[in-house]
Amino acid sequence: MATPDFIRDLRVFAGHQLLWLPGVTAVVFDDEGRVLLGRRSDNGRWSLIGGIPEPGEQPAACAVREVEEETAVRCVVERLVLVQALKPVTYDNGDVCQFMDITFRCRAVGGEARVNDDESLEVGWFAVDALPDIKEFGQTRVKQAMSDAPTWFEPTGSF
């Protein structure tokens, strides 16, 4: 995943300390009910499409932009699927980030799935019962996006 310029600018002052950042994940379905995945160039794993909103960018707009930038597929956001604070991640260079993931269910409306930038090695459509090996992160989001359940969030434990 390419680091946005605004984060590089922050790192000049913040060093490697933890940055709390928004993150967006798109679960994109086509008319056949298949899911769009990309095989990431940084780790070689298949995953859902996602990224970091630019300052002032709405999360849903970010999802649409990231999908088109990475896969050349145009999509529309249908609904909010999940909101979850993820565990901190330490990158090889020592930078630490923690993301608030906002996952959207999206529907493809045009374009041909292809590698459209340097963040992916491959992109493709997969039947939900024949997904390649993806992490639990992606499996959970696909399952939630397929259901009619309300938006998922971590319960507070107090009512």
Side-chain angles (χ1 to χ4, degrees), residues 1-4 6-7 19-91 96-156:
M1 177 186 291
T3 303
F6 80 93
I7 293 176
L19 292 181
W20 174 246
L21 298 168
V24 173
T25 302
V27 183
V28 183
F29 293 98
D30 68 3
D31 290 339
E32 297 174 36
R34 299 177 302 174
V35 178
L36 181 63
L37 299 176
R39 193 161 69 83
R40 296 172 56 110
S41 59
D42 61 352
N43 63 18
R45 294 190 59 112
W46 286 99
S47 68
L48 295 168
I49 308 304
I52 300 170
E54 295 291 329
E57 183 179 33
Q58 293 296 325
C62 174
V64 169
R65 175 181 56 77
E66 288 287 346
V67 169
E68 187 164 9
E69 282 179 1
E70 295 181 26
T71 71
V73 171
R74 292 184 312 282
C75 69
V76 294
V77 171
E78 294 182 322
R79 70 180 182 91
L80 180 62
V81 170
L82 176 150
V83 177
Q84 183 181 31
L86 305 178
K87 293 179 181 176
V89 176
T90 302
Y91 294 95
V96 182
C97 294
Q98 187 171 10
F99 294 95
M100 172 65 72
D101 180 57
I102 304 164
T103 298
F104 294 99
R105 176 188 167 109
C106 303
R107 179 175 41 87
V109 293
E112 296 271 335
R114 64 179 169 83
V115 173
N116 204 36
D117 66 11
D118 61 354
E119 294 185 38
S120 300
L121 300 172
E122 299 176 74
V123 298
W125 294 102
F126 295 88
V128 294
D129 60 353
L131 295 175
D133 181 30
I134 61 173
K135 291 183 176 184
E136 184 179 335
F137 176 95
Q139 294 172 12
T140 298
R141 282 150 177 77
V142 170
K143 182 179 176 182
Q144 185 70 19
M146 290 174 49
S147 79
D148 289 329
T151 301
W152 183 93
F153 57 90
E154 187 74 35
T156 62

Heavy-atom pair with the smallest gap, counting every atom of Ala26 and Val67:
CB-CG2, 3.6 Å
Residues in side-chain hydrogen bond (donor to acceptor under 3.5 Å, both in side chains) with Asp30, at least two apart?
Arg34
Run the side-chain donor-acceptor check on residues 49-57: report pairs under 3.5 Å with partners two or more places apart or on a different chain.
unit_1 : atom_1 : unit_2 : atom_2 : d
Glu57  : OE1    : Glu54  : N      : 2.9
Glu57  : OE1    : Arg65  : NE     : 3.4
Glu57  : OE1    : Arg65  : NH2    : 2.9
Glu57  : OE2    : Arg65  : NE     : 2.8

At what distance, to the nearest 0.5 angstrom, does OG of Ser41 lie from CG of Asp118?
6.0 Å
Among all residues two or more places apart in sequence or in another chain, which pass the side-chain contact (heavy atoms from CB on, under 4.5 Å) test with Ala130?
Ala127
Would you say Thr25's side chain and Thr103's backbone share a donor-acceptor pair under 3.5 angstrom?
no
In short, Asp117 meets Val115 closest at the heavy-atom pair O-CG1, 3.3 Å
Under the side-chain hydrogen bond (donor to acceptor under 3.5 Å, both in side chains) test, which residues partner Gln58, sequence neighbours left out?
none
With sequence neighbours left out, what residues match Phe126 under ring pair (Phe, Tyr, Trp, His ring centres under 6.0 Å)?
Trp46
So Val83 and Met100, side-chain contact (heavy atoms from CB on, under 4.5 Å) or not? Walk me through it.
CA-CA 7 Å; Val83 177; Met100 172 65 72; 3.7 Å; yes
Could you tell me which residues satisfy side-chain contact (heavy atoms from CB on, under 4.5 Å) with Ala113, sequence neighbours excluded, listed by chain and number?
Leu36, Val73, Val123, Trp125
Find out whether Leu37 and Leu131 are in side-chain contact, i.e. whether some heavy atom of one side chain is under 4.5 Å from a heavy atom of the other.
yes
Any side-chain heavy atom of Val76 sitting closer than 4.5 Å to one from Val64?
no
Measure across Ala63 and Phe104 and return the closest heavy-atom pair with its distance rounded to 0.1 Å.
CB-CD1, 4.0 Å
Could you go through Asp101 and Leu82, starting from their C-alpha distance and side-chain angles, then the distance that decides it, and tell me whether this counts as side-chain contact (heavy atoms from CB on, under 4.5 Å)?
CA-CA 8 Å; Asp101 180 57; Leu82 176 150; 3.8 Å; yes
Rounded to the nearest 0.5 Å, what separation is found between the SG atom of Cys97 and the CG atom of Leu21?
5.0 Å
Qualifying residues under side-chain hydrogen bond (donor to acceptor under 3.5 Å, both in side chains), relative to Glu68, sequence neighbours excluded:
none
All side-chain contact (heavy atoms from CB on, under 4.5 Å) counterparts of Pro88, not counting sequence neighbours:
Leu18, Val96, Gln98
Sorted by chain and residue number, the side-chain contact (heavy atoms from CB on, under 4.5 Å) partners of Asn43 (sequence neighbours excluded) come out as Arg40, Arg45
Arg39 and Gly44 have their tightest heavy-atom pair at CG-O, 3.1 Å
Quick one: ring pair (Phe, Tyr, Trp, His ring centres under 6.0 Å) pairs with a partner in residues 59-86, sequence neighbours left out?
none
Look up atom CG in Leu48 and atom CD in Gln139, then write down how far apart they are to the nearest 0.5 Å.
10.0 Å
To the nearest 0.5 Å, atom SG of Cys106 lies from atom CZ of Arg74 at 14.0 Å
Which heavy atom in Val28 sits nearest to a heavy atom in Cys75, and how many Å separate them?
CG1-CB, 4.3 Å
Keeping to residues at least two apart or across chains, list the side-chain hydrogen bond (donor to acceptor under 3.5 Å, both in side chains) pairs with something in residues 104-115.
Glu78-Arg105, Glu78-Arg107, Arg114-Asn116
For Ile134 and Ser47, work out which heavy atoms get closest and say how close.
CG2-N, 4.3 Å
What pairs of donor and acceptor atoms, side-chain ones from residues 145-155 against any protein atom, are under 3.5 angstrom apart with sequence neighbours left out?
unit_1 : atom_1 : unit_2 : atom_2 : d
Ser147 : OG     : Gln144 : O      : 3.0
Ser147 : OG     : Ala149 : N      : 3.2
Thr151 : OG1    : Leu80  : O      : 3.0

